[in-house]
*Asks:* 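Below you'll find the structure I mean.
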Amino acid sequence: TQGVSSAASDVYKRQLFGLSIKPERLSEIRNERRPNSRYASIENCRQEIADAEGLMAREGIRWLNSTTKSIEEISATIMADLGLDKRRNS
């Protein structure tokens, strides 16, 4: 897997913000789309999430677990972490 570590990517890395989810919830969502598939299996979801979180950690990309957060909470957290003023962007 290629990292996000090229010179061009380093410029943008500080603007990246990753989202993760609990494997159980991801599996539930996927089972609604493709019931009883490998894609939806808890083992596959655990591996995919571990890989994604590992990549974000290695590359220094900020991220949060969005499993129990509303879109408003996610947005507020990201904006605060990135130092963005919500009023300025309205």
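Each residue takes its place number in the sequence, starting with 1.
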*Asks:* Salt bridge or not between Glu28 and Arg25? Use side-chain N to carboxylate O under 4.0 Å.
*Replies:*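 Arg25 and Glu28: salt-bridged.
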*Asks:* Counting N and O atoms only, with roles assigned by atom type, does the side chain of Ser20 sit under 3.5 Å from a partner on the main chain of Leu64, one being a donor and the other an acceptor?
*Replies:*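 Checked: no pair found.
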*Asks:* Nearest 0.5 Å, please: how far is CG in Leu19 from CZ in Arg62?
*Replies:*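 One gets 12.5 Å once the value is rounded to the nearest 0.5 Å.
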*Asks:* Measure from the side-chain N and O atoms of Ser41 to the backbone N and O of Arg38, and report whether any donor-acceptor pair falls under 3.5 Å.
*Replies:*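 Pair found, side chain donor or acceptor close to backbone of Arg38.
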*Asks:* Rounded to the nearest 0.5 Å, what separation is found between the CD atom of Glu24 and the OG atom of Ser27?
*Replies:*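 Interatomic distance, Glu24 CD to Ser27 OG, rounded to 0.5 Å: 8.0 Å.
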*Asks:* Is Thr67 reaching over with its side chain to a backbone N or O of Lys22, donor-acceptor style, under 3.5 angstrom?
*Replies:*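 Side chain of Thr67 to backbone of Lys22, a donor-acceptor pair under 3.5 Å: yes, one is there.
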*Asks:* Give, for atom CZ of Phe17 and atom CG of Leu82, the distance between the pair rounded to the nearest 0.5 Å.
*Replies:*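 Nearest 0.5 Å value for the CZ-CG distance: 6.5 Å.
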*Asks:* Keeping Asn31 on the side-chain end and Asn36 on the backbone end, is there a donor-acceptor pair under 3.5 Å?
*Replies:*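 Checking the backbone N and O of Asn36 against the side chain of Asn31, a donor-acceptor pair under 3.5 Å is found.
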*Asks:* Nearest 0.5 Å please: distance from the CG atom of Asp51 over to the CE atom of Met56.
*Replies:*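 Answer rounded to 0.5 Å: 10.5 Å.
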*Asks:* What are the two closest non-hydrogen atoms of Ile74 and Ser66, and how far apart are they?
*Replies:*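 Smallest interatomic distance, heavy atoms only, reads CD1-CB, 3.6 Å.
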*Asks:* Are any side-chain N or O atoms of Lys13 and backbone N or O atoms of Gly60, one a donor and one an acceptor, separated by less than 3.5 Å?
*Replies:*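 Absent.
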*Asks:* Could you list who else is in Ile49's hydrophobic cluster, with ILVMFWY side chains joined at under 4.5 Å, directly or through other members?
*Replies:*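 Same cluster as Ile49: Ile21, Leu26, Ile29.
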*Asks:* Atom NZ in Lys69, atom CD1 in Ile78: separation rounded to 0.5 Å?
*Replies:*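 It is 10.5 Å, given to the nearest 0.5 Å.
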*Asks:* Would the distance check show the side chain of Thr77 and the main-chain N or O of Glu73 forming a donor-acceptor pair, the cut-off being under 3.5 Å?
*Replies:*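 Indeed, once roles are kept as given, a pair shorter than 3.5 Å links the two residues.
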*Asks:* Below 4.5 Å, heavy atoms only, C-beta onward: do Asn44 and Arg30 meet side chain to side chain?
*Replies:*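 Counting from C-beta outward, Asn44 and Arg30 do come under 4.5 Å.
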*Asks:* Quick check on the hydrophobic clustering: are Ile42 and Tyr39 connected, directly or via other members, by side-chain heavy-atom contacts under 4.5 Å?
*Replies:*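 Cluster IDs for Ile42 and Tyr39 differ.
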